[in-house]
Trainee: 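My structure is below; once you've seen it, I'll send some questions.
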2 protein chains.
Amino acid sequence: MLDIRFSRALQLMLFLAVAAENGSAPLSSAELAHRLHANPSLVRKLLVPLTDEGLAVCVKGRTGGARLGRPADRITLAEIYRCAVGDKPLWAPSPGVEPVCAVTAHAGEYFAALTVEAEEAVLGSLGDRTLADGVRELRRLDTGCARH
Amino acid sequence: MLDIRFSRALQLMLFLAVAAENGSAPLSSAELAHRLHANPSLVRKLLVPLTDEGLAVCVKGRTGGARLGRPADRITLAEIYRCAVGDKPLWAPSPGVEPVCAVTAHAGEYFAALTVEAEEAVLGSLGDRTLADGVRELRRLDTGCARH
DNA sequence: CTGAAAAGCAATCAATACAGTTGCAGTTTA
DNA sequence: TAAACTGCAACTGTATTGATTGCTTTTCAG
């Protein structure tokens, strides 16, 4: 399954982060949609879990829009990941019907433990990076390229 | 999407591992299919990448079937994972069309780096465990349960 | 106070990856 | 030589999820 939700959510938060740096007004879903090449309604759907967790804040009404819920250096990519994929496990277990032997009886259990461990590894790697780091990295890539 | 290929491949290899321990004949795809509650043809499809990498060996003809390609203590779960999911990245990037600003220009690059790092973390966690460890763990879970 | 501009939300459509099946050709051995 | 396998290609079905549409509600500028 090609899941692009994390990628989308990350890009969205990066936009909000640079807007926060510039002190600009909240970004409307239409503005974000344009930058993401997506539909405003889709952007609002992506924002739901992010606002639920306080990573973003949406203000309604005219002149409304979205902005960061906290400073970018206090938002980790692990948090964004959790919002984007929700409770979906990293890997799905094969549909376990009645086990046919002693070994398979606990295969589901074993696999679940593996999944948890792998997810922790992923979150660990993402937890080391903040949104502010991401913005810095993008700028570095950009200026590095501009030199050529 | 919920990808159950790794789970299936792992179960398959566990079956082969216990068969190897018992010194029994190669397991036919029909036998494996029965234990996995699947179709023999589907099992053979799952076996293709595993045999390509030498983790399993399939012998054709009457009395044919599948067995481990190496001792179970020299097969890591990371190898099984790689076979099961192939080149599919852990996360897919959002379809990157023309970037609209300097920040997004390298977002794909940045995201790819994140993906690689996360994949390495996952493979690291899986690389610590061998198939033999898995069999031991399943037995432990089984006897632990039987005591109650 | 009123209209414009925004978010929020529900229903629905559409693309696609993947699980699963069928059928047959090739191979080996009892 | 026939049975019991694997190998392989083509196909179908379906669930997930990306994406759209069309509303209602909220807020603020003028």
Side-chain angles (χ1 to χ4, degrees), chain A residues 1-12 16 19 24-52 56-67 69 83-97, chain B residues 1-9 11-12 16 19 24-34 36-52 56-67 69 83-97:
Chain A
M1 139 224 355
L2 295 171
D3 197 337
I4 67 176
R5 280 177 297 178
F6 177 44
S7 172
R8 281 265 155 90
L10 180 57
Q11 278 193 48
L12 210 104
L16 298 186
S24 46
L27 295 176
S28 72
S29 60
E31 176 62 28
L32 289 167
H34 172 246
R35 300 196 192 174
L36 280 172
H37 304 99
N39 191 292
S41 191
L42 179 59
V43 169
R44 288 197 285 269
K45 243 191 278 189
L46 290 172
L47 279 167
V48 169
L50 294 168
T51 55
D52 284 348
V57 172
C58 291
V59 319
K60 286 191 281 195
R62 192 172 183 175
T63 75
R67 54 183 171 79
C83 285
V85 310
D87 289 337
K88 201 184 89 172
L90 192 57
W91 305 313
S94 60
V97 276
Chain B
M1 189 191 271
L2 296 174
D3 196 335
I4 66 175
R5 280 177 298 178
F6 177 43
S7 171
R8 280 268 156 91
Q11 278 192 47
L12 211 103
L16 297 187
S24 47
L27 295 175
S28 72
S29 61
E31 176 62 29
L32 289 167
H34 172 245
L36 280 171
H37 303 99
N39 190 292
S41 191
L42 180 58
V43 169
R44 288 197 286 270
K45 241 191 280 189
L46 290 172
L47 278 168
V48 170
L50 294 168
T51 55
D52 283 349
V57 172
C58 290
V59 318
K60 286 191 283 196
R62 192 171 181 175
T63 74
R67 56 183 171 77
C83 285
V85 311
D87 290 337
K88 202 184 90 172
L90 191 57
W91 306 312
S94 60
V97 277

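Each chain gets a letter, A, B and so on, in the order the sequences are listed, and its residues count up from 1. The shown structure was predicted, so the numbers you read here are calculated from the model rather than taken from an experiment.
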Trainee: Side chain to side chain donor-acceptor pair (under 3.5 Å): which pairs involve residues 56-66 of chain A, sequence neighbours left out?
Mentor: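 Side chain to side chain donor-acceptor pair (under 3.5 Å) check on residues 56-66 of chain A returns no pairs.
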Trainee: Can you measure B:I4 atom CD1 to C:dG20 atom C1' for me and round it to whole angstrom units?
Mentor: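 B:I4 atom CD1 is separated from C:dG20 atom C1' by 10 Å.
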Trainee: Write down the atom of A:P95, the atom of B:I4, and the distance for their closest heavy-atom approach.
Mentor: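 Answer, listing the atom of A:P95 first, then B:I4: CD-CD1, 3.9 Å.
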Trainee: List the atom of B:C58, the atom of B:T51, and the distance in Å for their closest heavy-atom pair.
Mentor: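 For B:C58 and B:T51, the tightest heavy-atom pair comes out as SG-CG2, 3.4 Å.
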Trainee: Side-chain polar contacts of residues 39-47 of chain B - donor-acceptor pairs under 3.5 angstrom, sequence neighbours left out - could you list them?
Mentor:
| residue | atom | partner | partner atom | Å |
| --- | --- | --- | --- | --- |
| B:N39 | OD1 | B:S41 | N | 2.8 |
| B:R44 | NH1 | B:S29 | OG | 2.8 |

Trainee: Rounded to whole angstrom units, what separation is found between the CG atom of A:N39 and the P atom of D:dT21?
Mentor: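 Roughly 7 Å, once rounded to whole Å.
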Trainee: Please report the distance, rounded to the nearest Å, between CZ in A:R67 and P in C:dA7.
Mentor: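 One finds 13 Å between P of C:dA7 and CZ of A:R67, rounded.
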Trainee: Using a cut-off of 4.0 Å on non-hydrogen atoms, how would the nucleic acid contact of B:V59 be classed: base, sugar-phosphate, or nothing?
Mentor: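 Sugar-phosphate only.
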Trainee: Rounded to the Å, how far apart are B:F6 CZ and C:dA19 P?
Mentor: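 These atoms are roughly 14 Å apart.
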Trainee: Looking at D:dA19, I'd like to know if its phosphate oxygens (OP1 or OP2) sit under 4.0 Å from a side-chain N or O belonging to A:R5.
Mentor: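 So the side chain of A:R5 is outside the cut-off, no N or O lying under 4.0 Å from OP1 or OP2 of D:dA19.
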Trainee: Which protein N or O atoms sit under 3.5 Å from an N or O of nucleotides 22-29 of chain D?
Mentor:
| residue | atom | partner | partner atom | Å |
| --- | --- | --- | --- | --- |
| D:dT27 | O2 | A:R62 | N | 3.0 |

Trainee: B:E31 has an atom CD; how far is it from atom C1' of D:dT6, in whole Å?
Mentor: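 These atoms are roughly 16 Å apart.
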Trainee: How close or far is atom P of D:dG7 from atom CG of B:L42, stated in whole angstroms?
Mentor: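 My rounded result for the distance is 14 Å.
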Trainee: On a heavy-atom basis, which atom in B:L16 and which in B:A56 lie closest, and how many Å separate them?
Mentor: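 The answer is CD1-CB, 4.1 Å.
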Trainee: Quickly work out the A:H37 NE2 to D:dG18 C1' distance and round it to whole Å.
Mentor: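 One finds 17 Å between C1' of D:dG18 and NE2 of A:H37, rounded.
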Trainee: Rounded to whole angstrom units, what separation is found between the NZ atom of B:K45 and the C1' atom of D:dT12?
Mentor: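 Nearest whole value for this atom pair: 11 Å.
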Trainee: Might you point out which heavy atoms bring B:A92 and A:S7 nearest each other, and give the distance in Å?
Mentor: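 Smallest interatomic distance, heavy atoms only, reads O-CB, 3.7 Å.
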